[in-house]
2 protein chains.
Amino acid sequence: MASQLNSIIPAPTVERLVLYRRLLEGLAQGGTEYVHSHELAEKANNSAAQVRRDLMSIGYTGSPAKGYAVADLVKRIGRLFDKKGDQKAALVGVGKLGRAILGYFALRQPHPRIVAAFDSDKDKSQGDIAGCPCYPIEELINVIVREKISIGIITVPAQHAQQVADLMLLAGVRGLLNFAPTPLKVPAWAVVDHVDITTKLEKVAFFTELKAGKQPC
Amino acid sequence: MASQLNSIIPAPTVERLVLYRRLLEGLAQGGTEYVHSHELAEKANNSAAQVRRDLMSIGYTGSPAKGYAVADLVKRIGRLFDKKGDQKAALVGVGKLGRAILGYFALRQPHPRIVAAFDSDKDKSQGDIAGCPCYPIEELINVIVREKISIGIITVPAQHAQQVADLMLLAGVRGLLNFAPTPLKVPAWAVVDHVDITTKLEKVAFFTELKAGKQPC
DNA sequence: TAGTGTGAAATAGTTCACAGCC
DNA sequence: GGCTGTGAACTATTTCACACTA
């Protein structure tokens, strides 16, 4: 799906590291100084071996006696993600889903901050939503260039998704998170990830049915 | 992540089949009668070989001359997903995200219909949202049992997610779609899928940064 | 002696390659 | 001649197993 990346860290590991960070931050606040792989695995529910391998893949090493130093590890993972100069994100499509995402992230202040939102509807593209300034779609290129935005979040209807993606890539965005229920075609130098809620729901329904019935078809 | 499933159809294939169905429905409306694997692959952007393998995995076979019969194939895939008796879904957590999802699905009328929403906040759990009746969380078990709901959608804050999941499973739900940024522990007979928007965003940001670092644009 | 780091095996999933068919 | 079906090769990822160490 996502294009080939010549990284040392495999994609699923990256996802888990984000989770570990969250869990470790919780532990750190609770005053825990050290964790063992199996404790972290328990919380993340996967295997201890996998936790060890994941941490190893970022070059972090624990001690058999104490385990992994929580605070230090948080810093280490943080250094991986919150790289030089914070990345900025823009969201296109201030519909229901777009608004929800803006509101959701406004609270959490995630790493790539959403600093601009766009919509083709003039009524929606005015003022702030959850503290994020909204612009008409015509200003997309200007704003993206001016703010040096590198990540795009697409929450427009399926039929406009590709068009919006092309526009953002043209403006200099290099990573896209696509919520539209359609696949995007992007050049090899861009990164895309796809969150398709409808498909996920159907998938869960399918496997639920399957497990319940046991007999396929 | 998702628990072991003794199905003949691998999980990624299921996801792609859902997509194929959408694409094929579009084609059918456009009056197309037959497609070749590479045409479908083009739209879904993956390889023709994969499309063929996916379709083969549900026992559907095309002809070298014409390709795959669109209408027939839609029906075939539909039969897989829209099984005997439509499944019903319930959503817990009528916050921003929950509302957005309700609104989103209200339009599309997806296969597992969302027939109930719940919230612990009395103000939110009244009346309808996007045509879906809202109940206080106390009624969850009653309603789920009464309506024979088998799928649960969790859009509550992370700290309540596990609790809500347990409650729903207790009530008879067997599949969960979790939007809370925390992993859920569920028994082996249940199906879970996890949509973690924050993590996805951080992942995209990470790989974007990584790729950018590799070759100076 | 429980817990780590890591090579090796196992498993899951994708792409290749080619025979067969229309 | 281009397209399908399918075994085989290949890639990616997870799990296993075990030497090592504090």
Length of the NE2-C1' vector between B:H36 and C:dC21, whole Å: 13 Å
- request: Look at the side chain of B:K96 and the backbone N and O of A:L102, then say whether any donor-acceptor pair between them is shorter than 3.5 Å.
  value: no
query: Starting at CE of A:M56 and ending at P of C:dT6, how long is that distance when rounded to a whole Å?
result: 5 Å
query: Between B:W189 and B:V173, what is the shortest heavy-atom contact and its length?
result: CZ3-O, 3.8 Å
- prompt: With sequence neighbours excluded, what pairs up with B:K200 under the salt bridge (Lys or Arg N to Asp or Glu O under 4.0 Å) test?
  reply: none
field: NZ/A:K185: more than 12 non-hydrogen atoms of other groups inside 6.0 Å
entry: yes
List, with names and distances, any nitrogen or oxygen atoms from the protein found under 3.5 Å away from nitrogen or oxygen atoms belonging to nucleotides 14-16 of chain C.
from   : atom 1 : to    : atom 2 : distance (Å)
C:dT14 : OP1    : B:R16 : NH1    : 3.0
C:dT14 : OP2    : B:R16 : NH2    : 3.2
C:dT14 : OP2    : B:Q50 : NE2    : 3.4
C:dT14 : O5'    : B:Q50 : NE2    : 3.4
C:dT15 : O4     : B:R53 : NE     : 3.2
C:dT15 : O4     : B:R53 : NH2    : 3.4

statement: Residue pairs passing the salt bridge (Lys or Arg N to Asp or Glu O under 4.0 Å) test with at least one member in residues 58-80 of chain A, sequence neighbours excluded, are none
- prompt: Backbone N or O of A:V94 within a donor-acceptor pair of the A:D119 side chain at under 3.5 Å?
  reply: yes
message: Keeping A:T155 on the side-chain end and A:V92 on the backbone end, is there a donor-acceptor pair under 3.5 Å?
response: yes
message: Just N and O in the side chain of A:R52: are any of them under 4.0 Å from OP1 or OP2 of C:dT4?
response: yes
- prompt: Please give, in whole Å, the distance from C:dT4 P to A:Y60 OH?
  reply: 12 Å
message: Please check: side-chain N/O of A:E39 versus main-chain N/O of A:H36, any donor-acceptor pairing under 3.5 Å?
response: yes
- line: In whole angstroms, the gap separating C1' of D:dT13 from CD1 of A:I8 amounts to 17 Å
- line: What residues 17-28 of chain B contributes to the DNA chain C interface at heavy-atom separation below 4.0 Å is none
For DNA chain D, the residues among residues 63-80 of chain A that have a non-hydrogen atom under 4.0 Å from it: A:P64
- line: note: B:L55, atom CG; D:dG5, atom P; distance rounded to Å ~ 8 Å
Exam field: side chain A:N45 to backbone B:L184, donor-acceptor pair closer than 3.5 Å: yes
- request: Using a cut-off of 6.0 Å, state whether more than 12 heavy atoms not belonging to B:E33 lie near its atom CD.
  value: no
- line: side chain to side chain donor-acceptor pair (under 3.5 Å) filter on A:N46, not counting sequence neighbours, yields A:Y20
field: A:Y34 OH - C:dT4 P separation (whole Å)
entry: 13 Å
